[in-house]
Amino acid sequence: MYSRKLITLDEFTIQELRNFPQATGELSGLLRSIGLAGKRINAEVNRAGLVDILGAAGAENVQGEEVQKLDDFANKTLLDLLNHSLYCAAACSEENENVILFDDPISNSSKYVVVMDPLDGSSNIDVNVSIGTVFGVFKRISPLGTPAVMEDFLQQGKLLVAAGYILYGSSTMLVYATRRGVNGFTLDPSVGEFCLSHPNIQCPTDGKYYSVNYGGYKTFGKGVQQYLDACEERGTQPKEGYKLRYTGSMVADIHRTLLKGGIFMYPASADAPNGKLRLVYECIPFSFIMRIAGGVATNGEVDLLEVKPTGLHERTPYFLGSSEMMAELKQSMQVGDSIA
Ligand code: AHM
Ligand code: MG
């Protein structure tokens, strides 16, 4: 009998629809559009090393077109595909100050809005280190048939319908979570399809990797410092085997944390009391994914999925990972977390 091992992203979303006859297919359609955008961005990311040959950003390439910065390209590609997907009323992006309303009759009757960081890890773009796209999908609260409003984007993370990321790494992966689970798809470049490679991802309850910009250690609060001291101590004991891992690309660092177990953090510091990372389109989507996979995410005080954003580009201290490591961190932070 003919049997197939590979299930593509499109087939998977259609199969999910079959399992839930009440579903309208709109979310599946939206995810497929994001997958297509991911493939286009991936092609451009792979060509990035040729930029010196093809022309630097801002200059004209051999075809006489202006070479775009990769983050601009990623943003435009995603916005274009979302706009034409029929399933998205509006989007907000790290690259745009304000919400982007698609504002035509079809978009206004769509029930979803998308929050996104089109290409995260900007400091790694030019040096061939992994970078990624982050996205979250909310059901809008404004009435269908009218343009979306700001409040559609400032919802608590626990209200997300889906969230995911695309990692442009040694291979390209799309991982997305809905309430039914977290699934990972690897791009098969020979056929240009994302294929199911990591079904039902669960974050291990404990881990050995801790991921933080250690350069900021002296500026972190006492509780965070204490926790990091304990990790360092465990790193000296071969049986414990703790290891520090930090690429400076959140998508890669959290992907490792999700698959292998561990903890990732970007704490508040003396000079940045709200940390660096963005609440709406970076931390909220990853917190949802981590939670569905069995992990924990906080801002150091409360569950991050409970936090109601007040602005599109708000920043937050951020901690997420394996439940046991997160419980230990919580204990350290209660001991005292005044900024050093
Ligand atoms: P970006 O949105 O400008 O790319 O910044 C976000 C990135 C994250 O991917 C990463 O975790 C963090 O910034 C690294 O910052 P730092 O260099 O301060 O450690
Ligand atoms: Mg970013």
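Just follow the structure's listing: the first ligand is 1, and inside any ligand the first atom is 1. Atom set for the values below is all heavy atoms of this structure, side chains included, hydrogens, waters and symmetry mates excluded. On a predicted model such as this, the values are computed, not experimentally measured, just so you know.
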* Glu282 atom (N/O/S) at minimal separation from the Mg ion (ligand 2) -> OE2

* Structure fact -> Going by the 4.0 angstrom heavy-atom rule, the piece of Lys276 near ligand 1 is side chain

* Among Gln156, Lys158, Arg291, find the residue that satisfies the side-chain hydrogen bond (donor to acceptor under 3.5 Å, both in side chains) test when tested with Asp303. => Arg291

* Structure fact -> When rounded to the nearest 0.5 Å, the distance separating CZ of Phe138 from CZ of Phe288 is 9.0 Å

* Is atom CZ of Arg18 surrounded by more than 12 heavy atoms (other residues, nucleotides or ligands) closer than 6.0 Å? -> no

* To do: Write out the residue and atom name of the closest protein heavy atom to atom 3 (O) of ligand 1, then the distance separating them to 0.1 Å.
  => Ser122 OG, 2.8 Å

* Which of the atoms in ligand 1, numbered in the order shown and given with their element, are less than 4.0 Å from a heavy-atom of Ser249? -> 9 (O)

* Asked: Thinking salt bridges, do Arg234 and Glu328 make one under a 4.0 Å N-O criterion?
  -> yes

* **Residue pair Arg256, Arg245: steps toward the side-chain contact (heavy atoms from CB on, under 4.5 Å) verdict** => CA-CA 9 Å; Arg256 181 194 52 250; Arg245 290 278 187 275; 3.5 Å; yes

* Nearest protein heavy atom to atom 19 (O) of ligand 1, by residue and atom, and its distance? -> Tyr246 OH, 2.5 Å

* Specify which N/O/S atom of Asp120 comes nearest to the Mg ion (ligand 2), by atom name. => OD1

* To do: Nearest heavy atom to atom 18 (O) of ligand 1 wins, so pick from Phe264, Tyr266, Tyr214.
  => Tyr266

* **Charged N-O contact under 4.0 Å between Glu314 and Arg278** => no

* To do: Output the list of atoms in ligand 1 that are nearer than 4.0 Å to some heavy atom of Asn213, sorted by atom number.
  => 16 (P), 18 (O), 19 (O)

* Do ligand 1 and Asp120 have nitrogen or oxygen atoms that lie under 3.5 Å from each other? -> yes

* Value rounded to 0.5 Å, distance of CG in Leu174 from CG in Leu187 -> 9.5 Å

* Asked: Does a donor on one side chain sit under 3.5 Å from an acceptor on the other, for Tyr87 and Ser107?
  -> no

* Asked: For ligand 1, is Glu282 a contact, meaning one of its heavy atoms is under 4.0 Å away?
  -> yes

* Could you check which N/O/S atom of Glu94 is closest to the Mg ion (ligand 2)? => OE1

* Asked: Got an N/O contact under 3.5 Å between Met250 and ligand 1?
  -> yes

* List the steps and the verdict of ring pair (Phe, Tyr, Trp, His ring centres under 6.0 Å) for Phe135 and Tyr165. => CA-CA 6 Å; Phe135 63 91; Tyr165 59 87; 8.5 Å; no

* ligand 1 contact on Tyr318 by region, counting heavy-atom pairs under 4.0 Å -> neither

* Structure fact -> Which atom of Asp117 is nearest the Mg ion (ligand 2), counting N, O or S only? It is OD2

* Relative to each other, are the rings of Tyr210 and Tyr242 parallel, tilted or perpendicular (30° and 60° limits)? -> tilted

* Structure fact -> Closest to atom 10 (C) of ligand 1 among protein heavy atoms sits Gly248 O, 3.3 Å

* Asked: For ligand 1, is Gly121 a contact, meaning one of its heavy atoms is under 4.0 Å away?
  -> yes

